[in-house]
Amino acid sequence: MKLTKHHRVFLTLIFAAATAIVVYFMPRDNSRQYNYEENRPWSYPLLTAPFDITVYRDSATVKQMIDSVEQTMVPIYRRDKAQAARVLAAVAANDSLSPYIKSRLTTAVERVYSNGIVDQSTAALIARGDLPEVKFNENNVNVSHSTARFLSQRDAYARIDSLFVTPADHRAFQSAGLASLLLPNIAEDKEATRLYHETLIQPIVAGIGVIQKGERIIAQGDIVTPQLYQVLKTYEETLKRQSNYDRSRRLYTIMGQTLLAALAFGLLYGFMFLYYPQRFRQSSAIMPLMILTVVFFVFASVVAGLIRLGIYTVPLAILPVIVTVFYDSRTAFFVFVVEVLLCAIAASFPLEFIFVEMVAGTAVIFSLKELSRRSELLRSAAVAFLAYVVAYVSFELMTTGSITTLSWRLVGYFGINAVLISFAYILIFIVEKLFGMVSVVTLVELSDINNHILRKLSQECPGTFQHSMAVSNLATEAAHRIGAEVQLVRAGALYHDIGKIDNPAFFTENQHGVNPHDALTPEQSAGIIIRHVTDGLKRAEKGKLPSVIRDFISQHHGRGKAKYFYNTYCRQHPDEDVDPAPFTYPGPNPRTREASLLMMADAVEAASRSMPDHSQEAITALVNRLIDTQVAEGLHNDSPLSFRDIREIKECFISRLRSMYHARVSYPADVKANHTTETATPADGTDKA
């Protein structure tokens, strides 16, 4: 079957959209040519300097040295020599003071200013011992001076006040108004301190050497020491400045990323086209794979940009879990490979990332055959964590030859990753609702006979319910044999006849002696029988059953006929050209292996109930006749069922029906022998029946 024009357009659009989104979120910072960490080995080839590179101290050393400077640096202060003169002039100009008081005040003021007066905040630093000395610029030389003799304004005033003891002298002193005149003559020179600080810091942040052009920077396997780390950062920053104007380089980068993304998605398309052509022709099968791949890539890219090595917290292994649930493990593995290759672009250590993720993802796929219980997902999360740790440790030992370089932070990231994997149920539920897909978990829930629809079927149509159970067992066994989706067949078989709930008495398995069809014409009877398909679809839609279950209801008779009433009508009207339309089911014919399997099981199980002879020959003839008739009528032409599948199904049905209707041993009647006193007891002591 060729692709329709509409589907080709759809595939092209979703391919282009996915590629554009992935390219948009790919990292393009030209300043990061390499991904590396301090104290880890350099994983790239030999790197030589393409230009002269100034070598600087590493950031940790610079910070430590600057902290030391700031702790030991003595600030620069200046002395205002004119301040004492201003106070002395004010005292001399005060006519209310006697010459004696003026003389004493002049001497006291000169003394406290010679010691030095500082503001209250500086005095507090001195009192706490935080400022034991200061520097004064004397003849362009910074000279240290002790602060032990410095006085605060309050202390200076108190010291002068203590010199005037008598009440008269004290009153005269107070009238001088020294409280407002004694201002600090020593204060910090902030500009000089700043310049002094810069002169101390400059040698620390300045370069300590030069790597000449062509000289080796680092070779593969070398440990990235703090100093080398700083050299590499300098190299990248210089490279960034030189390449900022190079727009063509950015254009080529985008072109390369576009080709890479297109190649990855092209591989995915090719895989689906070659190995799953039926799914490739279905938009509903391709679109979820593309959307999930893009969403996980965008999430991984964003996290990698926000957190160093944070990409390892992204639960990429959830992707194969979801794909395994809705598709199969082979598709899950290939999609996961594409996802890991795309995400490696955003990883700090691409080779390590690919190795670790591939080991963990493969382990999860192997551990998860069919997600039908929550415990299986928890087990897969534990397997993922163990695989992550083992893969990481093995890679680290291989590349560094030491266990001391292992990062416990990274192990913690693996733990976060595993915990997030255990929440895959939430994403599975979201995918089901967004794309109308059905997981095994949902099918298991639908197969519960306590479901309200199945409970109503068992109450209203007990015969139909037993028939559905028998068809389910028969079809499930055959599904195992041919490799079909067992849980899907089981659920579909249980619901395929729910339309009979509306008219239970018109179906043989629910009748008890009275047949309402006796009062109807063949056309009327056929209409009622056929209507159980449309009634079933209405009930399924009302009960919000998934579309795959509704497909079983509509396809389990396909475009077949209600043959009993069709043949009855033909016998009643031998000379009439009978129109088969009133006796034909609405269909469509089965389109999947599972739907074909259900159609066969439904016909065989129903017919086997009315067989008078259940010998192997009779069962074999019945199965072959019914299935061959369906094939001859073209009811399975739209199904991918193979002749080998049909042979396997026949053999399975025959074996199963023989077990169901096997002949039982005929037990003799319990005859009580009349024992007399002359009857002897058997020698072995057994009681023979």
Side-chain angles (χ1 to χ4, degrees), residues 29 31-32 34-42 49 52-79 116 118-138 140-150 152 184 186-211 217-218 222-241 305-310 348 402 404-410 412:
D29 188 357
S31 66
R32 277 191 76 181
Y34 301 97
N35 296 297
Y36 51 89
E37 279 192 327
E38 286 188 27
N39 301 318
R40 297 195 63 179
W42 179 257
D52 292 347
I53 301 176
T54 303
V55 180
Y56 297 93
R57 293 183 177 88
D58 63 272
S59 57
T61 302
V62 170
K63 183 177 185 305
Q64 183 179 4
M65 294 179 69
I66 291 177
D67 290 343
S68 177
V69 165
E70 291 179 345
Q71 290 175 2
T72 58
M73 191 189 79
V74 178
I76 307 297
Y77 276 69
R78 66 175 182 274
R79 186 187 296 271
V118 296
D119 57 27
Q120 289 300 126
S121 60
T122 303
L125 291 175
I126 295 172
R128 290 199 306 266
D130 294 338
L131 192 66
E133 62 178 358
V134 296
K135 289 182 180 293
F136 291 101
N137 190 291
E138 299 175 359
N140 294 324
V141 177
N142 292 328
V143 180
S144 296
H145 287 269
S146 172
T147 60
R149 297 179 60 191
F150 290 174
S152 67
I186 295 177
E188 182 181 0
D189 188 340
K190 294 187 180 298
E191 180 62 20
T193 300
R194 184 185 66 79
L195 293 175
Y196 179 51
H197 180 268
E198 288 182 356
T199 60
L200 296 177
I201 296 298
Q202 185 60 36
I204 298 175
V205 299
I208 57 176
V210 176
I211 297 178
I217 297 177
I218 190 171
D222 290 350
I223 299 300
V224 181
T225 63
Q227 184 173 345
L228 278 176
Y229 183 85
Q230 191 64 34
V231 171
L232 291 170
K233 285 296 182 184
T234 304
Y235 161 74
E236 290 179 335
E237 291 170 2
T238 306
L239 191 65
K240 180 180 178 180
R241 288 194 297 270
L306 295 176
I307 306 173
R308 182 69 171 171
L309 298 179
S348 297
S402 172
T404 58
T405 59
L406 294 178
S407 171
W408 289 107
R409 180 182 63 173
L410 204 56

Side chains of [X] and [Y]: closer than 4.5 Å at any heavy-atom pair?
| X | Y | answer |
| --- | --- | --- |
| Val134 | Phe136 | yes |
| Ile223 | Arg40 | no |
| Val69 | Ile204 | yes |
| Ile186 | Pro184 | no |

> Yes or no on side chain to side chain contact (heavy atoms under 4.5 Å, CB included) for Ile201 and Met65, after CA distance, side-chain angles and deciding distance?
Replying inline: CA-CA 9 Å; Ile201 296 298; Met65 294 179 69; over 6 Å; no
Listed by chain and number, what are the salt bridge (charged side-chain N to carboxylate O under 4.0 Å, His left out) partners of [X], not counting sequence neighbours?
| X | result |
| --- | --- |
| Glu198 | Arg194 |
| Arg79 | none |
| Asp222 | Arg216 |

> Of all heavy-atom pairs between Leu228 and Ile217, which one has the smallest distance, and what is that distance?
Replying inline: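 Taking Leu228 first and Ile217 second, the nearest heavy atoms are CD2-O, 3.4 Å.
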Interatomic distance, [X] atom [atom1] to [Y] atom [atom2] [nearest 0.5 angstrom]:
| X | Y | atom1 | atom2 | value |
| --- | --- | --- | --- | --- |
| Tyr77 | Glu133 | OH | CD | 12.0 Å |
| Thr199 | Met73 | OG1 | CE | 8.5 Å |
| His197 | Glu70 | NE2 | CD | 4.0 Å |
| Ile211 | Thr234 | CD1 | OG1 | 8.5 Å |

Side chains of residues 124-132: which donor-acceptor partners sit under 3.5 Å, not counting sequence neighbours?
unit_1	atom_1	unit_2	atom_2	d
Arg128	NE	Asp130	OD2	3.0
Arg128	NH2	Asp130	OD2	3.3

>> Is it the case that the side chain of Thr122 and the backbone of Val118 share a donor-acceptor pair, with hydrogens and angles ignored and the cut-off at 3.5 Å?
In response: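 Answer holds: no.
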> Quick check: does any side chain N or O of Thr72 sit under 3.5 Å from a backbone N or O of Ser68, one acting as donor and the other as acceptor?
Replying inline: yes
> For Glu138 and His145, does a side-chain donor sit closer than 3.5 Å to a side-chain acceptor?
Replying inline: yes
> Can you name the residues that form a side chain to side chain contact (heavy atoms under 4.5 Å, CB included) with Asn142, not counting sequence neighbours?
Replying inline: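 With neighbours one apart ignored, the set is Ile76, Lys135, Asn137, Tyr196.
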>> For a side chain to side chain contact (heavy atoms under 4.5 Å, CB included) check, start with the C-alpha distance between Asn39 and Thr225, then their side-chain angles and the critical distance, and finish with the verdict.
In response: CA-CA 5 Å; Asn39 301 318; Thr225 63; 5.6 Å; no
>> Can you pull out every salt bridge (charged side-chain N to carboxylate O under 4.0 Å, His left out) where at least one residue sits in residues 199-210? Sequence neighbours excluded, please.
In response: none
